[in-house]
Amino acid sequence: MDCLFCKIVAGEIPSHKVYEDDFVYAFLDIYPCAEGHTIVLPKKHFGKFTDMSEDEAASLFASVNKIAKTVGKTLELEGMNIGINNGEIAGQTVPHVHVHIIPRRAGDGEGNMHTIVELHPSTDNIAELAEKLRNSF
């Protein structure tokens with residue numbers, strides 16, 4: 001497979017690993033948004049988050065939780081953004097599921113998750129949309 005992240009997990013491409021367990025591999029982003037920007041990915045290849053089973057997603061986020069706590073404590077952070085770009089249209093540049101842990105500090109000048117996408121669609125149909133989604137489960 002010609003996947004950058006699979007090659008990192010296999011040791012074919014060097015990385016600055018910060019954590020590894022049976023399910024995930026975590027390393028520092030080489031193009032960080034902030035000091036300590038960490039990438040957490042499942043060792044098994046999944047193109048998108050929505051390709052994972054609920055159990056696999058739960059395993060991934062259990063590790064993300066553990067890693068985020070350690071990054072926050074070690075770097076004495078006041079906060080962090082934790083997120084996934086799911087699909088190319090959402091900004092996913094490497095087609096292997098990965099979670100960004102981006103350290104945040106007071107006065108860093110950056111915004112919240114709402115500053116990533118600000119489409120501000122009409123909410124005239126919000127009740128119908130909620131019902132449609134509820135009924136899809």
Side-chain angles (χ1 to χ4, degrees):
M1 182 174 289
D2 194 33
C3 171
L4 173 67
F5 286 168
C6 287
K7 289 179 179 180
I8 288 173
V9 169
E12 297 171 22
I13 295 175
S15 68
H16 296 281
K17 179 174 72 172
V18 296
Y19 179 82
E20 182 176 11
D21 64 25
D22 291 340
F23 191 75
V24 304
Y25 187 92
F27 58 97
L28 294 179
D29 193 314
I30 60 169
Y31 300 108
C33 294
E35 183 181 53
H37 180 167
T38 302
I39 302 292
V40 183
L41 55 107
K43 290 180 174 182
K44 179 180 175 184
H45 183 86
F46 298 97
K48 297 193 310 187
F49 179 72
T50 48
D51 294 338
M52 300 177 78
S53 72
E54 290 179 12
D55 287 342
E56 291 162 334
S59 292
L60 173 61
F61 270 89
S63 293
V64 168
N65 182 274
K66 179 179 186 173
I67 296 163
K69 287 176 182 175
T70 300
V71 168
K73 181 178 179 183
T74 303
L75 300 180
E76 299 176 353
L77 298 176
E78 299 170 56
M80 62 188 74
N81 292 104
I82 300 171
I84 295 176
N85 299 315
N86 192 52
E88 187 176 351
I89 192 71
Q92 184 179 3
T93 58
V94 179
H96 184 125
V97 174
H98 57 287
V99 180
H100 294 266
I101 299 172
I102 303 172
R104 300 299 303 274
R105 298 189 185 279
D108 66 12
E110 297 301 322
N112 62 30
M113 295 298 223
H114 285 266
T115 62
I116 296 170
V117 178
E118 293 191 82
L119 300 177
H120 304 293
S122 169
T123 57
D124 293 344
N125 68 335
I126 199 164
E128 293 85 10
L129 181 57
E131 182 178 5
K132 180 179 182 179
L133 290 168
R134 268 193 313 274
N135 291 338
S136 295
F137 287 97

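For reference, positions follow the sequence shown, starting with 1. Computed from heavy atoms alone, side chains included, the values below leave out hydrogens, waters and symmetry copies.
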Are a donor atom and an acceptor atom from the side chains of Ser15 and Tyr25 found within less than 3.5 Å of each other? yes

For atom CG of Leu133, decide whether the heavy atoms of other residues, nucleotides or ligands shown that lie under 6.0 angstrom number more than 12. yes

Leu77 versus Val71: any side-chain heavy-atom pair under 4.5 Å? yes

Nearest 0.5 angstrom please: Glu54 CD to Ser59 OG, how far? 12.0 Å

Can you name the nearest heavy-atom pair linking Glu35 to Pro103, along with the distance? O-CG, 3.1 Å

Within one Ile-Leu-Val-Met-Phe-Trp-Tyr cluster: Leu75 and Ile39, side-chain cutoff 4.5 Å: no

Counterpart residues, ring-ring contact (aromatic ring centres under 6.0 Å, His included), relative to His100 (two or more places apart): His37, His98

Quickly, which of Thr38, Thr70, Val18 forms a side chain to side chain contact (heavy atoms under 4.5 Å, CB included) with Ile101? Name it, please. Thr38

Measuring from Thr93:OG1 to Asn85:CG, what's the distance to the nearest 0.5 Å? 7.5 Å

Measure from the side-chain N and O atoms of Asp51 to the backbone N and O of Lys48, and report whether any donor-acceptor pair falls under 3.5 Å. yes

So, Asn86 side chain and Phe49 main chain: donor-acceptor pair closer than 3.5 Å or not? yes

Glu110 backbone acceptor or donor facing Arg104 side chain under 3.5 Å: yes

Please confirm whether the backbone N or O of Glu56 pairs with a side-chain atom of Ser53, one donor and one acceptor, at under 3.5 Å? yes

Atom pair CG/OG1 of Asn81 and Thr115 - distance to nearest 0.5 Å: 8.0 Å

Tell me whether Val94 is reachable from Val97 by hopping between hydrophobic residues (I, L, V, M, F, W, Y) whose side-chain heavy atoms are closer than 4.5 Å. no

Does His96 reach the side chain of Pro42, with side-chain heavy atoms less than 4.5 Å apart? yes

Report yes or no: do Val40 and Ile13 belong to one cluster of Ile/Leu/Val/Met/Phe/Trp/Tyr joined by side chain heavy-atom distances under 4.5 Å? no

Check for me, please, whether Met80 and Tyr19 land in the same ILVMFWY cluster - side-chain distances under 4.5 Å, paths through other members count. yes

If every non-hydrogen atom of Asp29 is compared with every non-hydrogen atom of Pro32, which pair is closest and at what distance? O-CD, 3.4 Å

Around atom CG of Asn135, are there more than 12 heavy atoms from other residues, nucleotides or ligands closer than 6.0 Å? yes

Counting only heavy atoms from other residues, nucleotides and ligands, does the tally under 6.0 Å from CD of Glu88 exceed 12? no

Classify the ring geometry between Phe5 and Phe27 as parallel (under 30°), tilted (30 to 60°) or perpendicular (over 60°). perpendicular

Apart from Tyr31 itself, what residues make up its hydrophobic cluster, given side-chain heavy atom links below 4.5 Å? Ile30

Ile67 CD1 to Asp21 CG distance, which is reported to the nearest 0.5 Å: 7.0 Å

Do Val9 and His45 have side-chain heavy atoms sitting under 4.5 Å apart? no

Side-chain heavy atoms of Val99 within contact of Phe61, under 4.5 Å: yes

Min side-chain heavy-atom separation Glu20-Lys43 under 4.5 Å: yes

Rounded to the nearest 0.5 angstrom, the OG1-CG distance for Thr123 and Leu129 is 10.5 Å

Spacing of CG belonging to Leu41 relative to CG belonging to Leu60, to within rounding of 0.5 Å: 8.5 Å

